[in-house]
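Everything on this sheet refers to the single structure shown next.
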Amino acid sequence: MSRVIVVGGGAAGMMAAYAAAKCGHSVVLLEQNEKLGKKLYITGKGRCNVTNACEEDAFFENIVSNPKFLYSAFYGFDNRRMMQLLNDAGCKLKVERGERVFPVSDHASDVTAALQRLLRQHNVEIRLHTKVKELLTYGEDSQENMIRGVQLADGEELEADAVVLATGGLSYPTTGSSGDGLRLAGQVGHTVKDCTPALTPMEIEESWCSLLQGLALKNVTMTMQCGAKKIWQGFGEMLFTHFGISGPLVLSASSYYGKCKDKSDVTVAVDLKPALTAEQLDKRILREFEESPNKQLKNVIGSLYPARLTPVMIALAGIDGEKKIHEVTRQERVRLVEDTKQLKMRVVGLRDYSEAVITQGGIKVKEVNPSTMESKLVHGLYFAGEMLDVDALTGGFNLQIAWSTGYLAGVSIPN
């Protein structure tokens, strides 16, 4: 039996503590907050999107950074096993649109409660309000760099045969995500890849966006480009805000923004009518024009767009909305079609960590053994969850990364 310390009582930390204790280790779970799973309480708008019930291939298609690193972790403890574990622990689950998995109760607290029951069943010692100051390793005299425990903020030293770091990233700092774990890893020689907010709203240059604040667009296609290169495309829902755009489509696109080398030339284009080709859309507009030749343009094309969007589209096409339909030129009509199929906006940046669902970047995965989650630099040090340089799109995939890496770290600790 090994003495194991898990630092961080979030999703990955609770799972690592459970898995290690299940293997017979003596486990202490350290959490700086007043309760475990603080960030879990706000995921999925308080409902906790536990995982995604998709097939294996689809899971990896939704991983943005370093998917191959997750092969061993996911296949060792996949979405089905996670769902089974929670069900057996008394948290019944349901599958919704997009294969998203939630507790039947729609209460994130039920997920945390189920995990806490598992921790108690396996005699995990939980210490709240406990902050780790630094990792303790055996000195240069030993043949290899090895973990020997942690020093707490109050100076107390806790000895351990293995330490699992699962302190999360930088997103939602109010939940305690301060980047402490990344700093601790850096102190023992690990490389921390540049961290940026991900799954976060975008700030847009065009001032007309703020005029549409609160307007949601459904069933649209969004394409993001860096210069002339297309880097992402998706279909779904978006929302205009006072600073730019948000919503599921935008959050997904933001994960690829960090991959753009030249941030000064990033644009998104929204196809408002993805079911129609430009030619089909033009024919539809022509039909409506022919039916009402003497009406004003603003009163005819309203069927194409939400009411608040209509004047914006007319203005962007450079047409006078008071114009009678028979006065609208072919060139003006073509511009309207082009803008409808490609409503372009320039991205000037992302919102900060306070609005980001996750952190992109973190511990360089080449310095971590993907088969065990153990550090290649410090024997007995393991990593799990968001602090690793792996991230995914929305839909429960990031939480599954936490469950899978946490479980693998816990069961990989030798006796």
Side-chain angles (χ1 to χ4, degrees), residues 4-23 25 27 29 36-37 39-40 43 49-52 56 59-60 62-83 85-86 111 115 118-119 147 162-171 177 181-182 184-185 190-193 195 198 357-378 380-393 395-413:
V4 178
I5 291 173
V6 180
V7 185
M14 285 191 285
M15 181 56 74
Y18 158 73
K22 186 171 72 84
C23 293
H25 300 305
V27 182
L29 176 58
L36 298 179
K39 191 173 174 184
L40 277 176
T43 61
N49 185 183
V50 175
T51 186
N52 193 287
E56 294 167 357
F59 175 80
F60 286 104
N62 280 276
I63 307 299
V64 176
S65 306
N66 300 310
K68 290 180 181 177
F69 175 78
L70 291 170
Y71 284 173
S72 292
F74 182 73
Y75 289 121
F77 190 79
D78 64 11
N79 46 2
R80 310 286 168 199
R81 288 188 66 183
M82 184 60 202
M83 292 167 69
L85 181 72
L86 284 177
V111 177
L115 292 167
L118 290 171
L119 295 175
I147 202 80
V163 171
V164 182
L165 275 185
T167 58
L170 296 161
S171 56
S177 300
L182 299 174
L184 293 172
H190 272 280
T191 307
V192 179
K193 291 195 73 176
C195 293
V357 177
I358 57 159
T359 303
Q360 195 167 72
I363 304 295
K364 190 176 183 180
V365 295
K366 286 185 178 177
E367 298 172 356
V368 180
N369 183 340
S371 300
T372 61
M373 294 295 131
E374 185 177 19
S375 164
K376 292 180 180 179
L377 309 182
V378 182
L381 176 62
Y382 297 78
F383 298 104
E386 195 180 340
M387 61 185 304
L388 290 160
D389 182 23
V390 285
D391 60 278
L393 300 180
F397 302 103
N398 287 290
L399 264 182
Q400 184 58 49
I401 291 173
W403 308 132
S404 295
T405 55
Y407 187 87
L408 181 56
V411 298
S412 298
I413 297 166

Tell me, please, which residues at least two apart from [X] pass side chain to side chain donor-acceptor pair (under 3.5 Å).
X	value
Tyr382	none
Ser65	Lys259, Asp391
Glu374	His379
Asp389	Asn66

Query raised in the report: Is there side-chain contact between Lys22 and Tyr407, with at least one heavy-atom pair below 4.5 Å?
Result: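 Sidechains of Tyr407 and Lys22: in contact.
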Closest non-hydrogen atom pair between [X] and [Y], with its separation:
X	Y	answer
Ala198	Gln360	CB-CB, 3.9 Å
Ile358	Ala392	CD1-O, 3.8 Å
Ala17	Leu119	CB-CD2, 3.9 Å
Leu29	Gly13	CD1-O, 4.0 Å

Query - Under the ring pair (Phe, Tyr, Trp, His ring centres under 6.0 Å) test, residues paired with Phe60 that sit two or more places apart - result: Tyr71, Phe74, Tyr75
Report summary line: Sorted by chain and residue number, the ring pair (Phe, Tyr, Trp, His ring centres under 6.0 Å) partners of Phe69 (sequence neighbours excluded) come out as none
[X] side, atom [atom1]; [Y] side, atom [atom2] - distance, nearest 0.5 Å:
X	Y	atom1	atom2	answer
Thr405	Met373	OG1	CE	6.0 Å
Leu165	Ile363	CG	CD1	7.5 Å
Gln400	Asn79	CD	CG	5.5 Å
Leu36	Leu115	CG	CG	9.0 Å
Thr51	Leu85	OG1	CG	12.0 Å
His190	Leu377	NE2	CG	4.0 Å

Query raised in the report: Stepwise, does the side-chain contact (heavy atoms from CB on, under 4.5 Å) test hold for Val164 with Ile413?
Result: CA-CA 9 Å; Val164 182; Ile413 297 166; 4.0 Å; yes
Query raised in the report: Partners of Ala11 by side chain to side chain contact (heavy atoms under 4.5 Å, CB included), sequence neighbours excluded?
Result: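 Testing Ala11 for side chain to side chain contact (heavy atoms under 4.5 Å, CB included), a comparison that skips the adjacent residues, returns Leu40, Leu399, Ala402, Trp403.
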Query raised in the report: Can you name the side chain to side chain contact (heavy atoms under 4.5 Å, CB included) partners of Cys23, sequence neighbours left out?
Result: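 Side chain to side chain contact (heavy atoms under 4.5 Å, CB included) list for Cys23, sorted by chain: His25, Val411.
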**Report entry** Donor-acceptor under 3.5 Å (Ser404 side chain, Phe77 main chain)
**Finding:** yes
Query raised in the report: Between the main-chain N or O of Gly181 and the side-chain N or O of Thr167, is there a donor-acceptor pair closer than 3.5 Å?
Result: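 Side chain of Thr167 to backbone of Gly181, a donor-acceptor pair under 3.5 Å: yes, one is there.
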Query - Atom NZ of Lys366: over 12 foreign heavy atoms under 6.0 Å - result: no
Requested in this report: Just jot down the salt bridge (Lys or Arg N to Asp or Glu O under 4.0 Å) partners of Arg81, sequence neighbours excluded, or say none.
Outcome: none
